[in-house]
> 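Got a structure for you, written out below as structure tokens; questions coming shortly.
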Amino acid sequence: MDFLIQRLPLYLDGAWVTIQLTIGGCALAFVLAMFFGIMGTIRHWLPRAISTVYVEVFRGIAALVLMFWMAFALPQLSGFRLDDMFAAILALGLNVGAYGAEVVRSSINAVPKAQVEATVALNLSWFQRMRLVVLPQAWAQMLPTFGNLVIELMKATAVVYLIGVADLTAIAQNMRESTGETVIAFIGAFVLYYLIAQVLIFGMRLLERRANRKLGRTPPRGGGMRLPFKPASAGTTQAGGI
Amino acid sequence: MPPSDTTVNEEPQGVGDGSQDQSLIVFDDVVKRFGDLTVLDDLNFSVAPGERVTLIGPSGSGKTTILRLLMTLEKITEGVIWVGGEPFSHMRRGQGLVHASEGYLRARRKRIGMVFQQFNLFPNMTVRQNIIEAPVHVLGTPKDEANTRAEELLDLVGLGEKIDAHPTQLSGGQQQRVAIARALAMQPEILLLDEVTSALDPELVAGVLDVLREVAETTDITMLCVTHEMSFARDVSHRVLMFDQGRIAEEGPPEQIFGDPREDRTKSFLRSVLDNDF
């Protein structure tokens with residue numbers, strides 16, 4: 001235990017790098033997912049084709065290989081070297097964004113046709129329809145899957161130590177090599193990864209709840225870590241709402 | 001597909017047809033097919049400004065398709081629809097007519113409003129937002145003005161106190177009354193009503209019909225109404241069109257259609273719906 005407490009600052013530095021990678025990767029993935037996902041719902045063939053190419057290419061390439069390519073191959077080809085951190089974020093964002101684009105596309109397509117017809121009857125433009133009606137409704141549908149992708153992305157950051165970024169995994173690895181305390185060194189990483197994941201899950205659940213409330217749906221109650229601490233009766237009597 | 005001799009692009013269209021008329025809406029040789037199924041078969045009829053027309057007939061006879069064509073929710077197969085003396089389903093190009101572009105429709109569609117069988121309120125908005133968003137964004141109405149108008153319209157439909165409710169908190173009848181207010185907020189010249197009471201529980205129908213009666217009495221909005229409520233059709237409409245298999249089987253003032261139908265198809269149809277009603 002002392003071992004971990006003494007080295008906590010190092011672990012926290014590593015965790016902070018992991019958090020930065022996660023936030024950066026998520027931000028990029030979100031923008032790409034929205035952009036290519038919406039493009040995938042346009043009736044004209046050209047934007048749809050571009051969207052399909054993006055999704056198929058980056059879904060098909062392992063994030064690790066993409067990262068190696070950005071970090072090692074790109075400098076050789078272009079003579080221009082990306083910051084390792086930036087290369088990692090780019091690779092993660094491009095990869096997860098491709099999955100996200102499919103989620104966005106299918107969520108938009110799942111908005112009932114009658115809703116779109118109502119926007120036609122009110123003479124809304126395509127842009128107004130997307131912004132006012134389709135995306136707010138599709139949003140609630142996207143969030144549960146987005147939650148999974150966020151966690152996936154966070155865990156995928158663990159490979160960045162292979163291109164020399166000092167993330168949480170890299171710190172644990174160093175610790176093991178320098179001290180030989182294999183078991184303990186990795187337990188520190190376990191705990192921190194788990195805590196980061198819990199915070200992300202909690203945040204995504206808040207977003208989901210808010211999205212459902214906006215659609216006038218009763219949000220699903222409980223779940224996560226709070227459920228075991230609640231008396232069973234409280235959960236069931238309150239669940240009905242009004 | 002059978003070769004057609006009335007395709008818009010082949011034949012020099014009578015560009016004068018709809019524009020000479022005083023009518024607000026003209027259906028000119030309109031054909032609508034879904035694949036091999038012909039839903040509207042060479043349909044001709046017109047509606048005068050301020051006229052209230054009810055479309056009746058067995059299901060599958062093409063009534064709803066007429067409203068959907070007018071609302072541009074479906075694309076016309078052949079023929080032309082005119083609104084206010086201008087081609088509506090098509091636009092002029094050179095001497096002839098081509099299918100209307102989205103831009104052309106955007107400039108004209110705001111004359112028409114529609115109320116749907118399933119209400120189609122936006123669940124992500126409150127009642128107020130449902131009513132004001134389109135006037136604010138499409139017509140450029142200032143927000144204050146749109147809000148005042150929304151309050152007036154909700155009073156008209158008897159739901160003034162529900163302005164900040166969510167659609168899911170309302171009954172079907174209340175939702176439909178909000179949908180009527182939403183359509184009226186766009187100040188359409190033409191209001192299309194597509195079986196607006198068919199999805200409602202019986203005890204909620206009267207409230208919705210009362211609102212529509214009030215709209216009919218206090219405004220000069222042109223109405224096209226598909227309904228199975230025969231007493232409503234009799235009270236409100238100037239003219240009734242009886243449809244059968246994509247054609248007009250009989251038309252006339254409501255007293256004649258309901259009191260003294262001439263066609264056998266009309267008689268048997270009325271007998272079947274009136275049996276269900278009473």
Side-chain angles (χ1 to χ4, degrees), chain A residues 34 38 41-48 104 107-144 146 206-221 239-242, chain B residues 64 67-68 70-75 102-103 105-127 129-140 164-170 175 178-180 182-188 190-194 199:
Chain A
M34 280 295 181
I38 291 171
T41 64
I42 292 175
R43 210 178 308 157
H44 195 278
W45 66 271
L46 184 62
R48 258 200 352 246
V104 171
S107 301
I108 288 175
N109 287 338
V111 172
K113 202 166 163 249
Q115 289 287 313
V116 175
E117 291 185 347
T119 67
V120 173
L122 292 168
N123 205 21
L124 298 185
S125 66
W126 178 87
F127 187 74
Q128 290 163 342
R129 170 194 311 161
M130 275 293 163
R131 187 167 66 88
L132 297 170
V133 176
V134 174
L135 286 178
Q137 291 183 37
W139 179 238
Q141 179 105 8
M142 294 172 204
L143 278 175
F146 273 0
L206 282 186
L207 283 178
E208 256 177 71
R209 203 164 290 185
R210 206 179 68 129
N212 279 315
R213 207 169 34 236
K214 282 216 164 161
L215 292 184
R217 296 181 195 151
T218 334
R221 290 264 166 177
I242 315 155
Chain B
T64 291
L67 301 192
R68 292 177 59 81
L70 252 176
M71 197 65 261
T72 68
L73 299 174
E74 304 286 352
K75 223 168 186 180
E102 179 58 23
L105 290 175
R106 278 269 292 159
R108 285 157 187 80
R109 191 158 44 200
K110 56 175 172 277
R111 304 174 76 164
I112 305 178
M114 184 159 179
V115 182
F116 297 87
Q117 184 176 354
Q118 300 290 346
F119 337 128
N120 301 3
L121 293 180
F122 304 129
N124 57 311
M125 300 180 188
T126 62
V127 166
Q129 291 168 323
N130 263 282
I131 297 174
I132 69 168
E133 292 294 356
V136 168
H137 288 99
V138 178
L139 304 179
D164 292 313
H166 265 280
T168 45
Q169 296 167 322
L170 305 179
Q175 289 191 45
V178 172
I180 293 167
R182 179 175 74 174
L184 291 175
M186 289 294 282
Q187 300 181 291
I190 301 164
L191 186 61
L192 309 177
L193 304 168
D194 183 17

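Here is how names work: the chains are called A, B, and so on, in the same order as the sequence lines, proteins then strands, and each is numbered from 1. Not measured: the values here are computed from a predicted model.
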> Which region of B:Met186, side chain (C-beta onward) or backbone (N, CA, C, O), has a non-hydrogen atom less than 4.5 Å from a non-hydrogen atom of chain A, or is it both or neither?
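Side chain only.
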> Contact part of A:Arg131 toward chain B, heavy-atom cut-off under 4.5 Å: side chain, backbone, both or neither?
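Only the side chain of A:Arg131 comes within 4.5 Å of chain B.
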> In a check of side chain to side chain donor-acceptor pair (under 3.5 Å) between A:Asn123 and each of B:Arg109, B:Arg108, B:Lys110, which one passes?
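Among B:Arg109, B:Arg108, B:Lys110, the one that satisfies the side chain to side chain donor-acceptor pair (under 3.5 Å) with A:Asn123 is B:Arg109.
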> Measure the spacing between CD of B:Gln118 and CD of A:Gln115 and express it to the nearest 0.5 Å.
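Nearest 0.5 Å value for the CD-CD distance: 11.5 Å.
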> Heavy-atom cut-off 4.5 Å, strictly under: side chain, backbone, both or neither for B:Ile112 against chain A?
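Answer is backbone: N, CA, C or O of B:Ile112 sit under 4.5 Å from chain A.
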> Would you compute the distance between atom CZ of A:Arg213 and atom CG of B:Asn124 and round it to the nearest 0.5 angstrom?
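Interatomic distance, A:Arg213 CZ to B:Asn124 CG, rounded to 0.5 Å: 15.0 Å.
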> Under 4.5 Å from any heavy atom of chain A, what part of B:Leu121 do you find: side chain, backbone, both or neither?
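Backbone only.
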> Could you pull out the closest heavy-atom pair between B:Phe116 and A:Ala118, with the gap in Å?
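That closest heavy-atom pairing would be CE1-CA, 3.9 Å.
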> A:Pro112, A:Ala211, A:Ser125: which one forms the most heavy-atom pairs within less than 4.5 Å of chain B?
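Highest number of pairs under 4.5 Å: A:Ser125.
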> Pick one of side chain, backbone, both or neither for B:Leu192, based on which atoms fall under 4.5 Å of a heavy atom in chain A.
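Contact with chain A involves no heavy atom of B:Leu192 at all.
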> Under the side-chain contact (heavy atoms from CB on, under 4.5 Å) test against B:Phe122, which residue among A:Leu132, A:Leu215, A:Thr119, A:Val134 passes?
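So the option named by the test is A:Thr119.
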> Which value, rounded to the nearest 0.5 Å, describes the distance between B:Arg106 atom CZ and A:Leu124 atom CG?
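These two atoms lie 7.5 Å from each other.
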> Please tell me if the side chains of B:Val138 and A:Leu122 come closer than 4.5 Å, counting only heavy atoms from C-beta onward.
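Sidechains of A:Leu122 and B:Val138: no contact.
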> Chain A heavy atoms under 4.5 Å from B:Arg182: which part of the residue, side chain, backbone, both or neither?
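Contact with chain A: backbone and side chain both.
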> Could you measure the distance from the CD atom of A:Glu117 to the CE atom of B:Met114? Nearest 0.5 Å is fine.
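Result: 7.5 Å between the selected atoms.
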